[in-house]
Amino acid sequence: DKGKLQASILGACAGAQYVRHVAGAYGIPVLTHSDHCAKKLLPWFDGMLEADEAFFKEHGEPLFSSHMLDLSEEPHEENVGICETYFKRMVKMDLILEMEIG
């Protein structure tokens with residue numbers, strides 16, 4: 001359902017924005033990370049990555065510090081291929097990709 005997907009993307013991005021904003025009030029560095037994104041959740045991952053790219057254009061750094069793809073249930077070649085595709089997109093922003101391989 002597209003509405004639920006958009007709400008999930010919005011919630012993740014709002015959480016990252018909130019953490020960044022509050023950290024400034026405390027004068028502390030923070031990391032924001034999405035965890036265990038399975039293949040069926042790749043549209044959620046894409047939405048967060050689009051937010052990273054928009055934030056990067058404006059601020060010179062991505063919104064999130066890192067993301068994790070957990071494609072361990074997929075065949076090895078497919079898992080690595082999908083991760084490679086995302087990594088190539090993320091490396092332009094110095095965005096960390098954690099990969100669950102097996």
Side-chain angles (χ1 to χ4, degrees):
D1 173 64
K2 188 159 175 84
K4 194 179 274 187
L5 171 63
Q6 291 302 321
S8 296
I9 295 166
L10 178 61
C13 294
Q17 290 277 12
Y18 176 78
V19 167
R20 287 176 156 276
H21 187 72
V22 171
Y26 288 95
I28 58 171
V30 294
L31 300 173
T32 53
H33 175 75
S34 67
D35 208 15
H36 289 277
C37 180
K39 186 177 181 179
K40 67 182 180 183
L41 298 174
L42 287 178
W44 173 63
F45 194 88
D46 291 332
M48 290 186 293
L49 204 49
E50 288 170 14
D52 281 316
E53 290 166 334
F55 195 88
F56 185 84
K57 280 185 180 178
E58 190 173 331
H59 302 282
E61 62 183 9
L63 177 59
F64 290 86
S65 308
S66 59
H67 294 289
M68 181 196 190
L69 287 175
D70 184 349
L71 305 176
S72 58
E73 294 182 5
E74 309 309 321
H76 179 79
E77 292 300 319
E78 180 181 2
N79 181 343
V80 172
I82 291 170
C83 289
E84 179 183 16
T85 299
Y86 279 107
F87 180 74
K88 287 177 179 177
R89 187 172 168 190
M90 295 167 72
V91 73
K92 299 171 189 174
M93 297 178 280
D94 288 329
L95 184 54
I96 297 167
L97 176 61
E98 179 183 359
M99 301 167 282
E100 186 79 31
I101 299 297

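Side chains included, hydrogens not; waters and symmetry mates left out as well; all remaining heavy atoms used. Note that the structure is predicted; figures quoted are calculated from it, not measured.
- Between Phe64 and Thr32 the shortest heavy-atom distance is CA-OG1, 3.0 Å.
- The distance from atom CE of Met93 to atom NZ of Lys57, rounded to the nearest 0.5 Å, is 10.5 Å.
- The two residues Trp44 and Ser8 make their nearest non-hydrogen contact at NE1-O, 3.4 Å.
- Cluster membership for Leu49 and Leu42, using ILVMFWY side-chain heavy atoms within less than 4.5 angstrom, is shared.
- Contact record, Ala23 with Val30: CB-CG1, 3.4 Å, taken as the closest heavy-atom pair.
- Residues Leu97 and Val91 form no side-chain contact, since every pair of their non-hydrogen atoms from C-beta on lies 4.5 Å or further apart.
- Under a cut-off of 6.0 angstrom, the local environment of NE2 in His59 is crowded, with over 12 non-hydrogen atoms contributed by other residues, nucleotides or ligands.
- Separating the CG atom in Leu31 from the CZ atom in Arg20 is a distance of 9.5 Å, to the nearest 0.5 Å.
- Remark: Leu95 CG to Phe55 CZ distance equals 12.0 Å, nearest 0.5 Å.
- Enclosure of atom CD in Glu73 is not indicated, since only 12 or fewer non-hydrogen atoms of other residues, nucleotides or ligands lie within 6.0 angstrom.
- Hydrophobic clustering (side-chain heavy atoms under 4.5 Å, transitive across Ile, Leu, Val, Met, Phe, Trp, Tyr) groups Phe45 together with Phe56.
- Residue Asp52 holds its CG atom at 11.5 Å from CG of Asp46, rounded to the nearest 0.5 Å.
- Of the charged side-chain nitrogens involved, none lies within less than 4.0 Å of a carboxylate oxygen, so that Glu53 and Lys92 do not count as a salt-bridged pair.
- Salt bridge annotation for Lys88-Glu84: present, with a cationic side-chain nitrogen under 4.0 angstrom from a carboxylate oxygen.
- The minimum heavy-atom distance between Leu71 and Cys37, with the atom names listed, is CD2-O, 4.1 Å.
- One distance of note links CG of Asn79 with CD of Glu100; it measures 8.5 Å at 0.5 Å rounding.
- Note on Ile101 and Met68: separate hydrophobic clusters, where clusters join Ile, Leu, Val, Met, Phe, Trp and Tyr whose side-chain heavy atoms are under 4.5 Å apart, directly or indirectly.
- With rounding to the nearest 0.5 Å, the separation of CD1 in Ile96 from NE2 in His33 is 9.5 Å.
- Enclosure of atom CZ in Phe87 is not indicated, since only 12 or fewer non-hydrogen atoms of other residues, nucleotides or ligands lie within 6.0 angstrom.
- The nearest pair of heavy atoms linking Gly102 to Ser72 is O-CB, 3.7 Å.
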